[in-house]
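Reading through the structure tokens given below for one structure.
For ligands, and for the atoms within them, numbers begin at 1 and follow the listed sequence.
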Amino acid sequence: MTEPLVQIDAKPPSGNWRDPKVEFRRGVYCYSAQPKHVTYLGMANPRSWQPTDSDWKLPSNWKQIILDGLKDRLKKYRSFRLFMDICVRCGACADKCHFYLGSGDPKNMPVMRAELLRSVYVRYFTARGRLFGAGRELTEEIIKEWFYYFYQCTECRRCSVYCPYGIDTAEITMIGRELLNLIGCNINWVIEPVANCFRVGNHLGIQPHAFKDSMEFAADELEEITSIRVELPINRKGAEVLFVMPSADYFATPHYYTLLGYMSLFHEIGLDFTYSAFASEGGNFGLFTSHEMTKRLNAKIYEEASRLGVKWILGGECGHMWRVLHQYMDTMNGPADFLEEPVSPITGTRFENARSTRMVHICEFTADLLYHGKLKLAPQRNDNLAVTFHDSCNPARAMGLLEEPRSILRHACNRFYEMPENTIREQTFCCGSGAGLGPDENLEMRLRGGFPRANAVKYVNEKHGVNTLACICAIDKATLPTLMDYWVPGVQVAGVHELLGNALVMTGEKERKTNLRGEPLPAEVTHA
Ligand code: SF4
Ligand code: SF4
């Protein structure tokens, strides 16, 4: 299948860009949300439909709903209004989107994606639109076009790094999706996890007893590898720290090995902490739905911190959880001043950057431990791995978490290699499947969107023999293995704390024969 996808047709189409007609071809769109999930969340217009249907069964007053919704949001979000008005069409963002690079479709240029909504704004909310007919008339075809392209944007914000005016097309996509939600045009891969999160607390709807079983199973496995039984505090009132992770860490692979890494670390440093069966999800698919939904889902983490009486919160390897925390938490649910400013109980470091959210990223926490020499590592246990680091979009661009994961990897691995400069750190390329676009039915578009990332991995694979792609996002861990299998076979995906856990020498451990995956250690390394 590589051959057809590498043929990217970047020839501009012959027709006028104003023509909204799109073709919902198999492999490049996501299925609609099932009505039971839409109903459960109290969202608009639950019904059975698919994007390939000619009749989308929109409410009879759909046009008014969209225009009223647009008006409200122009009033409420000054940044959105600004983004609608100030684009000079300079084109600096045009070739920065992975979906454009991988598909060649001009409407996947960020400037064009924004224009799809801006043209309607111009028509109905500016004098030149009202008096002279500038912009585009809102039609059902435009709704279909919005659905197609706003669900071909992973809200990664790479384009915004290059815009001289700081226009954030991800924010425009978010508003576009909010508007679509008002008339019931949403996708199942977003809405079902949101509904599950509401009902049970996590994306897959894993019940508290299953959460506990899963954690016990992980502790059993870790004991087999290390001979050490780690503690499993769940819902423990009065712990110093609440630890929140994405639910994939305890039900999916390769995420699961990251969980073993956290468990090893917390045991080794004697952290006074608790997991929670209620806040059993750090991820927040509300971010891909609406501001309101983001707020509702984020609230549970803080409610649980309050109920358990912890001092502060530690968060695991997740992407959009951190975007919510760093960019929206304060105005949505915060400030969390009922908690204390986080201080590492091991090093005494005060995490002033978390003064307001009271939540520290696990990479900040661990990098600080390493900086203070608090962990004994045997990096040679990772010598069979040549590692590169994929900066996950949200920790990199939304919170500037660039050095901490690299510091951990340099301590834990002897063979660490960077991908080319314009593909990492703030300029990192998206996995191509974020923001809810990771379902199987969307596979062709995922592989196309992930092509620039894969291309950079291929470069270090060929130059340095890189065979491991480390990352700190649950969506990356779920979707990059497929991307690697397709574009760069032989490269596996790992969490940063998995690699740390491999190298961590635990007090009283038996001689290690395997890494956290149960694979034999490199031949010459059986003991630290
Ligand atoms: S936010 Fe990311 S996916 Fe969306 S237009 Fe910008 S670069 Fe493309
Ligand atoms: S870089 Fe900014 S101003 Fe230039 S076309 Fe893109 S969004 Fe518009």
Given N284 and N298, is the side-chain hydrogen bond (donor to acceptor under 3.5 Å, both in side chains) satisfied, shown in steps? CA-CA 7 Å; N284 186 335; N298 186 55; 4.7 Å; no

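- Heavy-atom proximity to V111, at under 4.0 Å, picks out these atoms of ligand 2: 5 (S).
- Nearest protein heavy-atom neighbour of atom 2 (Fe) of ligand 2: C163 SG, 2.3 Å.
- The nearest heavy-atom contact from the protein to atom 5 (S) of ligand 1 is R113 NE, 3.2 Å.
- Scanning all protein heavy atoms for the shortest distance to atom 4 (Fe) of ligand 2 gives C90 SG, 2.3 Å.
- The nearest heavy-atom contact from the protein to atom 6 (Fe) of ligand 2 is C93 SG, 2.4 Å.
- Shown in contact with T154 at under 4.0 Å from a heavy atom are these atoms of ligand 1, numbered in order with element: 3 (S).
- Ranking the protein heavy atoms by distance from atom 8 (Fe) of ligand 2 puts C87 SG, 2.4 Å first.
- A cation-pi arrangement is found for R158 relative to F429, the charged atom lying closer than 6.0 Å to the ring centre and inside a 45° cone about the ring normal.
- For CZ of R26, the number of neighbouring non-hydrogen atoms (other residues, nucleotides, ligands) closer than 6.0 Å is 12 at most.
- Within ligand 2, the atoms closer than 4.0 Å to a non-hydrogen atom of A92 are 1 (S), numbered from 1 in the order shown.
- Counted by atom type alone, H390 and R453 present one or more donor-acceptor pairs between their side chains at under 3.5 Å.
- Proximity of G91 to ligand 2 is established by a heavy-atom distance of less than 4.0 Å.
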Under the criterion side chain to side chain contact (heavy atoms under 4.5 Å, CB included), I'd like the reasoning laid out for H361 against I472: C-alpha separation, chi angles, the key distance, then a yes or no. CA-CA 10 Å; H361 194 290; I472 51 171; 4.2 Å; yes

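- If you take SG on C431 and CD1 on I475, they are separated by 7.0 Å, rounding to the nearest 0.5 Å.
- Close approach of ligand 1 to H98 is summarised as follows: ligand atoms under 4.0 Å from at least one heavy atom of the residue are 2 (Fe), 3 (S).
- Aromatic ring orientation, Y29 versus F24: perpendicular (interplanar angle above 60°, classes split at 30° and 60°).
- Of all the heavy atoms of R157, the ones lying under 4.0 Å from any atom of ligand 1 belong exclusively to the backbone.
- Annotation for ligand 2: atoms under 4.0 Å from non-hydrogen atoms of Y165 are 3 (S).
- Of the residues R406, Q427, R425, the one that meets the side chain to side chain donor-acceptor pair (under 3.5 Å) test with D391 is R406.
- Taking backbone and side-chain atoms together, C153 has no N/O/S atom less than 2.8 Å away from atom 2 (Fe) of ligand 1.
- Ligand 2 has P164 within reach: a non-hydrogen atom of the residue lies less than 4.0 Å from it.
- In this structure a side-chain-to-backbone donor-acceptor pair under 3.5 Å is missing from H497 to T258.
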